[in-house]
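For reference, the structure is listed below as C-alpha cells.
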2 protein chains.
Amino acid sequence: MTTPLDAALARVSADIDARFDRLLAVPDDPRADLYHAMRHAAIGGGKRLRPLLLCATADLFGVDRDCSGDVATAVEAIHVYSLIHDDLPAMDDDDLRRGKPTVHKAYDEATAILAGDCLHALAFEVLADPATHPDPFVRAELVFELARASGPGGMAGGQMMDLVAERSRFDLATVTRLQQMKTGALIGVSVEMGAILGRVAPEGRRSLRGYAHDLGLAFQIADDLLDAEGDEAVVGKALRKDAEAGKETFLSLLGVTRAREQCRMLVDQAVQHLHAYGPEADVLRAIARYVVERDR
Amino acid sequence: MTTPLDAALARVSADIDARFDRLLAVPDDPRADLYHAMRHAAIGGGKRLRPLLLCATADLFGVDRDCSGDVATAVEAIHVYSLIHDDLPAMDDDDLRRGKPTVHKAYDEATAILAGDCLHALAFEVLADPATHPDPFVRAELVFELARASGPGGMAGGQMMDLVAERSRFDLATVTRLQQMKTGALIGVSVEMGAILGRVAPEGRRSLRGYAHDLGLAFQIADDLLDAEGDEAVVGKALRKDAEAGKETFLSLLGVTRAREQCRMLVDQAVQHLHAYGPEADVLRAIARYVVERDR
C-alpha cells in the first residue's frame with residue numbers, strides 16, 4: 001500500500017535526482033570523471049530524508065517547490081559530500097553505500113576527495129545564487145545556517161568525535177552530543193532552512209526546532225538499532241561496524257529494549273512539538289513515525 | 001631593506017594569523033585535535049598572497065580593514081583547505097608544506113580530511129556572518145563568487161585536471177586552462193571580492209579582472225620556474241615533482257627562456273591594467289613585480 005509519506009518521498013527523490021542531473025552535467029573535458037563520480041554518489045538511491053524535511057517544512061508556509069527544491073539539493077549535496085569523505089579508507093573504509101560501490105571504489109581516492117570537495121562548494125554556490133531566491137537576506141541566512149551546521153561545530157565536528165570514540169570510552173552525555181552534531185545538526189538545519197524560506201522569524205521557529213531535535217536523536221537511535229539488527233542487503237551498506245570497533249553507541253549504553261523505548265518516546269515528543277499545526281504538518285508527523293519503523 | 005610590499009605583507013600576515021587564532025580557538029572536548037590540525041595548517045607561514053590581494057584591492061575603495069580582513073581570512077581558509085587535501089597520500093602525497101610536516105603527517109589522514117572540510121565550511125560561515133558585513137547582498141555575492149571560484153568550475157576542477165595531466169599529454173591551451181582554474185580562479189576571486197567590498201559594479205571590475213588574470217598566469221609560470229630551479233629549503237616544500245611525474249607544464253612546453261619572458265610580459269600587462277589608478281594601486285603593482293622575483 002502506498003502511504004502519503006511514500007508518495008511524498010518518491011516525489012522529492014525524483015525531484016532531487018532531476019536537479020542533480022542538471023547541476024552535474026558532465027563537461028567534455030578532463031574533468032569528466034570528477035562529474036561522473038559526483039553523479040555516482042548524488043543521483044539514485046538515498047532516502048532523501050533531509051530534502052523531504054526541508055520541503056515539507058517549507059510547504060507549511062506555502063513556499064514555492066521550485067525554490068525549496070533548489071535549497072533541498074544544497075543540503076543533500078552537503079550530506080552526500082560527507083558520505084563520500086566518510087567512506088574513504090582513512091575514515092570508515094567502506095566499500096558499499098546505498099547498495100553501490102563507494103566513490104573511491106568505483107573511481108579512486110583522489111577523485112573521491114575532490115568529488116566531495118566539489119559537492120561541498122556547489123551547495124553554497126546554489127544557496128547564494130540569485131536564481132535560487134530573490135532576497136539576498138534569505139540567501140545569506142541559508143548559507144550561514146548550513147555552514148554552521150556542517151562545519152566543526154556541527155556535522156564535521158561530530159565526525160571527528162566519532163573518530164575519537166574508537167579509542168575512548170564515551171558516556172551517554174558525550175555520545176548524545178556526538179550524535180547531535182554528527183547527524184542531528186544537518187537534520188535540524190533542514191527544518192530550519194524550510195522555516196527560513198517560509199519567512200518565519202527565529203523566535204517563531206522554536207517548536208519546529210524542538211521537532212527536529214527529537215527527530216534527529218530518534219533517527220540516530222533507530223540507526224544504531226538497524227546497525228545491530230538490520231539486513232545488509234536491505235540497508236545497502238556494511239553493518240555491525242560500531243560493535244566491532246568497540247565504539248560506545250546508544251545501543252551499547254542503553255541496551256536494545258531501552259534504546260527502542262527511548263526512540264519511541266522521542267518520536268512521540270517530536271510529534272507533540274507540532275501541536276500548533278493542523279493537517280498541513282501530517283507529512284512531518286509521518287516522517288517522525290517512519291524513523292522508528294524503517295528497515296533501511 | 002624593507003620595501004612597502006614587505007611591510008604590507010607583514011601587516012596582512014600578522015592580521016590573518018590573529019584572525020585564525022580567534023576563529024580556531026581549541027575547544028576542551030574530543031574535537032581538540034581537529035582544531036590543532038586546522039591551526040597547524042592555517043597559522044604561521046604561507047605568503048598570504050590572496051589575503052593581500054583582497055585587502056589591497058579593497059583599500060583602493062577605502063574599505064574598512066576589519067571587514068576586508070574577515071573576508072580575506074575566508075579566502076585563505078579555502079586556500080589552506082585545498083593545500084591540506086592536495087597534500088594527502090592519495091593526491092600529491094607531500095610530507096612538507098611551508099617548511100612544516102603536512103597535516104596528515106603531523107596528525108593523521110582522517111584528521112586532515114576533516115580539518116580541510118571544516119576550514120571549507122568555516123570560510124562560508126565567515127562570509128555569510130552578519131558580523132562580517134552588514135549588507136546581505138554583499139554577503140551573498142561574496143559567497144557565490146568564492147563558491148564558484150573554488151568548486152568544479154574553478155580550483156577543485158583544476159586540481160582534477162592536474163590529476164589527469166599525469167596520464168595525458170596536455171597542450172599549451174589545456175595547461176593554460178588547467179592553471180587558470182587551479183590557481184588563477186582563487187587569485188582572481190580575491191581581487192573580485194575586494195572590488196565587491198568596494199561596491200564596484202561588475203562592469204567596473206574589468207580592469208581589475210584583467211590585472212588578476214595576468215597576475216594569476218604569471219604566478220603559475222613563476223611557480224613552475226621555482227619548481228625547476230628553486231631551493232627546497234627556501235621554498236619549504238618538495239620540488240621537481242612535476243618533471244618526475246612526466247606532467248606537461250608551462251616550463252616543459254615553453255622551455256626556461258620563453259617561460260621567463262612570458263612571465264615578465266604578463267606582469268607588465270597586469271600592471272598596465274591598473275593605468276586608471278594612481279599611487280593607491282602601488283601595492284597591487286608591487287605584488288605583480290614580486291611574483292617574478294620571489295624565491296619561495
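So that the names make sense, note that chain A is the first sequence line, chain B the second, and so on, each numbered from 1.
To the nearest 0.5 Å, atom OG1 of residue B/Thr132 and atom CZ of residue A/Phe144 are 8.5 Å apart. Here the CG atom belonging to B/Asp129 is positioned 11.5 Å from the CD atom belonging to A/Glu141, to the nearest 0.5 angstrom.
Closest non-hydrogen pair, B/Pro136 versus A/Phe137, comes out as CB-CA, 3.5 Å. Minimum interatomic distance between B/Ile113 and A/Ala90 (heavy atoms only, all atoms of both residues): CD1-CB, 4.1 Å. A/Pro152 and B/Leu34 get closest at one heavy-atom pair: CB-CD2, 4.3 Å. Across every non-hydrogen atom of B/Val164 and A/Pro30, the tightest pair is CG2-O, 3.4 Å.
The choice from A/Met181, A/Met160, A/Glu125, A/His120 that makes the most heavy-atom pairs within less than 4.5 Å of chain B is A/His120. Annotation: maximal heavy-atom pairing with chain B below 4.5 Å, among A/Ala121, A/Pro130, A/Ser150, occurs at A/Ala121. Ranked by non-hydrogen atom pairs under 4.5 Å with chain B, the options A/Glu109, A/Arg31, A/Arg139 are led by A/Arg31. Chain B forms the most heavy-atom pairs under 4.5 Å with one residue out of A/Gly157, A/Gly116, A/Ala123, A/Gly158, and that residue is A/Gly157. In terms of heavy-atom pairs under 4.5 Å with chain B, the best-connected choice from A/Ala140, A/Gly151, A/Pro89 is A/Ala140.
In this structure, no portion of A/Met155 lies under 4.5 Å from any heavy atom of chain B. With a threshold of 4.5 angstrom between heavy atoms, A/Leu163 approaches chain B through side-chain atoms but not through N, CA, C or O. For A/Asp92, no part sits under 4.5 Å from any heavy atom of chain B, backbone or side chain. With a threshold of 4.5 angstrom between heavy atoms, B/Leu24 does not approach chain A through any atom at all. No part of A/Leu127 comes within reach of chain B, as not one of its non-hydrogen atoms sits under 4.5 angstrom from that chain. Only the side chain of B/Asp29 comes within contact range of chain A, with at least one heavy atom under 4.5 Å from a heavy atom of that chain.
In this structure, B/Leu114 and A/Met91 have side chains that are in contact, with non-hydrogen atoms separated by less than 4.5 Å.
Taking the six-membered ring for Trp and thresholds of 30 and 60 degrees, B/Phe124 and A/Phe124 have nearly parallel ring planes, at less than 30 degrees apart.
Counting heavy atoms of neighbouring residues, nucleotides and ligands inside a 6.0 Å radius, atom NZ of A/Lys105 does not exceed 12 of them.
Side-chain atoms of B/Asp117 and A/His85 form a donor-acceptor pair, as typed in the model, at a separation below 3.5 Å.
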